Q: 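This is the structure, below, for whatever I ask next.
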Amino acid sequence: MTPTQDIVASPNDVLKKVFGYDAFRGNQQVVIDSVMAGESCCVLMPTGAGKSLCYQVPALCRRGVGIVVSPLIALMQDQIATLRELGVRATSINSALSYDEVQAAYRDLRAGELDLLYVAPERLVRPEFVGLLEELNQRGLIALLAIDEAHCISQWGHDFRPEYRELTNVRAKLEGVPCLAVTATADEPTRKDIQERLNLPRLISSGFDRPNITYTVGIKHNPKQQLRRFLKERPAGESGIIYCLSRKKVEETAAWLVEEGFDALPYHAGFDNSVREANQDRFIKEEGLIMVATVAFGMGIDKPNVRFVAHLDLPKNIEAYYQETGRAGRDGLPSEAWMIYGMQDVVLLNQMIDRSEAPENQKQIERQKLRSFLAYCETATCRRSVLLRYFGDECEPCGNCDTCLNPPKTMDGTIAAQKLLSCILRTGQSFGANYVIDVLLGNANERIISRGHDQLSTFDIGGEFTKIQWNAITRQLLAAGLIFADHDAHGALKMTAMGMAFLKERQTIELKVDQLANSAKIERGAK
Ligand code: ADP
Ligand code: ZN
């Protein structure tokens, strides 16, 4: 516990007198109380929620200097400039400083004449610097250790930085110093990793909810028609963003929308700077434009009245999806996050992971993130709850997502699941969904006949469902973790231990019927 003489000011006073704000926002008070009590914690807050004050205020309230680890020199300089204007004694140690400047910073530190010191991770972990910190700590001159962008410490995060790993040792050496790790994005494995590596008993997370955004996810069957219907059902003249995976699809979709009478512009990294800037500028300044874009669009775009964000393809994980959909409705007015996806998206994203240059363990992590995303897409429960849980937060069924507004009916899918799983086993767990479904449907094509799979007991036992319906069942079994697509074997469907147990122990499963019913209608309609 921190002796009271180590507290030199109260958080509320500092907030008002130094920063000029009236009240803390969201979880700031909770975090600051925790640090003031000498507790260490991991803090998750969305971008713009005010993470910096969470360490700046207690650094000024507790005796000694607050050490802030930050990976980006530009952001450091920014914060320091702002703090100095407010009269805070802040400085940084990074690779951009001269030897003399660094020595001056060391002198100030020893003299106890700094409130906040920003330091790059690779600097912090140098033995002479760690030694200095230990010396300061013995003299009670370290107020706290704050680690910004803390997800960088974890391979499970989306921006792993090896130099962050060393922070574990530094943290361990600073006994009694409250440590505060802050980040805007961390799924559960990343959170756990941060907490373990930095020995942080407490997790404080909230503020991720965007209650004015309605989440809708549908199955892709005729994307253009679906998109047109979505747009036609919305009031005319709204600004919106439509995300596509490829540059080609961006251009095609934008051109098609213009033909259809919409004001659409394309944006992707393949265009000249001048085109990109012009289109971005128009989107921000004019109203009622639809930007069709790849992920290259959106960083730093602060247009408050984007009324919808539509995804024609699945982004690569929940983090990306949440960031992109989060560009809708910054003004707090009702807005829509709409997405359609299909098996082909999952296959494509898995292929992209396979082909990437990333090391194998990184690929495993990305595949796991994709599986979590698929589970979100296939959920029969409140989408907002699934999203918030992903970021360590919670909510009751929200009443403002497609699954809350139109709860999917479920049916006993035990027999369907048994048929599909048996067929995967009988064909030797060596084939993709299309092949397995063809066997179930009794489509005796050449591949199937040449392997004798038309003789299997599972051949032609699935006639009660269409191909599209079997695809829906396959997706749900993938999302439920009963099967997985093995990417070392060209995406062959294989059983998981859970899938084996499902068959062996004669377990039951509920499947969403609306998808099945809808797709049946679509298929009949198409004929
Ligand atoms: P983050 O790091 O979480 O993205 P910042 O710490 O940069 O967010 O804060 C975002 C903005 O909100 C800043 O301009 C900051 O001054 C402001 N802000 C933070 N906390 C408060 C508060 N309690 N009252 C008013 N403004 C605040
Ligand atoms: Zn809901």
Side-chain angles (χ1 to χ4, degrees), residues 11-33 42-61 66 68-72 74-86 88 90 116 118 146-152 180-186 204-217 299-300 302 322-323 325-326 330 334-339 376-391 393-408:
N12 277 310
D13 278 354
V14 168
L15 181 74
K16 288 192 188 96
K17 290 184 186 145
V18 179
F19 294 95
Y21 297 137
D22 293 329
F24 288 111
R25 276 189 193 158
N27 258 347
Q28 284 175 332
Q29 180 90 58
V30 176
V31 175
I32 291 168
D33 285 349
C42 176
V43 176
L44 263 92
M45 279 186 188
T47 304
K51 284 184 286 299
S52 338
L53 278 191
C54 290
Y55 51 80
Q56 289 169 346
V57 169
L60 294 177
C61 295
V68 184
V69 181
S70 170
L72 298 167
L75 288 184
M76 260 188 221
Q77 312 288 42
D78 240 35
Q79 286 208 7
I80 290 168
T82 312
L83 287 167
R84 285 185 178 162
E85 275 173 29
L86 299 172
V88 176
L116 277 153
Y118 285 73
I147 297 174
D148 207 356
E149 310 289 346
H151 56 272
C152 295
L180 185 73
V182 303
T183 169
T185 92
I204 301 175
S205 169
S206 82
F208 283 89
D209 192 13
R210 300 288 308 278
N212 58 317
I213 299 181
T214 307
Y215 297 94
T216 304
V217 180
M299 273 300 207
D302 197 8
Y322 208 60
Q323 189 173 40
T325 55
R330 294 242 167 100
S335 306
E336 185 113 18
W338 181 89
M339 176 168 77
Y376 163 78
C377 295
E378 290 293 333
T379 188
T381 62
C382 172
R383 289 199 197 278
R384 193 179 312 275
S385 305
V386 176
L387 288 172
L388 292 185
R389 209 176 311 127
Y390 191 81
F391 295 107
D393 213 346
E394 271 173 30
C395 75
E396 297 291 309
C398 72
N400 188 23
C401 70
D402 56 352
T403 51
C404 281
L405 294 168
N406 292 302

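Both ligands and their constituent atoms are indexed starting at 1 by order of listing. Everything quoted here is computed from the prediction, not taken from an experiment.
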Q: With rounding to 10 degrees, what does the angle C382:SG / the Zn ion (ligand 2) / C401:SG come to?
A: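 It comes to 120°.
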Q: May I ask you to identify the nearest protein heavy atom to atom 20 (N) of ligand 1, giving residue, atom name and distance to one decimal place in Å?
A: Q28 NE2, 2.9 Å
Q: Yes or no: does M45 have any heavy atom under 4.0 Å from an atom of ligand 1?
A: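 M45: no contact with ligand 1 (<4.0 Å).
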Q: Any nitrogen or oxygen of F24, side chain or backbone, less than 3.5 Å from one on ligand 1?
A: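 No; every N/O pair is 3.5 Å or more apart.
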Q: Do any nitrogen or oxygen atoms of G48 come within less than 3.5 Å of a nitrogen or oxygen of ligand 1?
A: yes
Q: Would the distance check show the side chain of S205 and the main-chain N or O of F391 forming a donor-acceptor pair, the cut-off being under 3.5 Å?
A: yes
Q: State, to 0.1 Å, how close Y376 and R383 come at their nearest heavy-atom pair, and which atoms those are.
A: O-NH1, 2.8 Å
Q: Would you indicate which of S52, P46, G26, G20 comes nearest to atom 2 (O) of ligand 1 when only heavy atoms are counted?
A: S52
Q: Main chain of I213, side chain of R384: is a donor-acceptor contact present, judged purely on distance under 3.5 Å?
A: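 Confirmed, R384 side chain pairs with I213 backbone.
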Q: Out of all atoms in ligand 1, which are within 4.0 Å of some heavy atom of A23? Include the element for each.
A: 22 (C), 23 (N), 24 (N)
Q: First locate atom CD1 of I80, then atom CD of Q77, and finally report the distance between them rounded to the nearest 0.5 Å.
A: 5.5 Å
Q: Looking only at the side chains, is there a donor atom on one of S206 and D393 sitting less than 3.5 Å from an acceptor on the other?
A: no
Q: Can you classify the ring geometry of Y118 versus Y55 as parallel (below 30°), tilted (30 to 60°) or perpendicular (above 60°)?
A: perpendicular
Q: Just by modelled atom types, is the V217 backbone N or O under 3.5 Å from a matching donor or acceptor in the D402 side chain?
A: yes
Q: So does G326 get a backbone contact from the side chain of R210, meaning a donor-acceptor N/O pair under 3.5 Å?
A: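 Side chain of R210 to backbone of G326: a pair is present.
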Q: Starting from atom 25 (C) of ligand 1, locate the nearest protein heavy atom and write down its residue, its atom name and how far away it is, to 0.1 Å.
A: Y21 CD2, 3.4 Å
Q: Under 4.0 Å from a heavy atom of T47: which atoms of ligand 1 are those, numbered in the order shown and with their elements?
A: 4 (O)
Q: Between L53, L15, V57, which one has a non-hydrogen atom sitting closest to atom 21 (C) of ligand 1?
A: L53
Q: Please state which protein non-hydrogen atom is closest to atom 26 (N) of ligand 1 and give its distance, to 0.1 Å?
A: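 Sorting protein heavy atoms by distance from atom 26 (N) of ligand 1 puts R25 NH2, 3.2 Å first.
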Q: How many angstroms lie between NZ in K51 and CG in L44, if you round to the nearest 0.5 Å?
A: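 The CG atom of L44 is 8.5 Å from NZ of K51, to the nearest 0.5 Å.
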Q: Identify the protein heavy atom lying closest to atom 9 (O) of ligand 1, giving its residue, its atom name and the separation to 0.1 Å.
A: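 For atom 9 (O) of ligand 1, the nearest protein heavy atom is G50 CA, 3.4 Å.
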Q: Nearest 10°: the angle subtended at the Zn ion (ligand 2) by C398 SG and C404 SG?
A: 120°
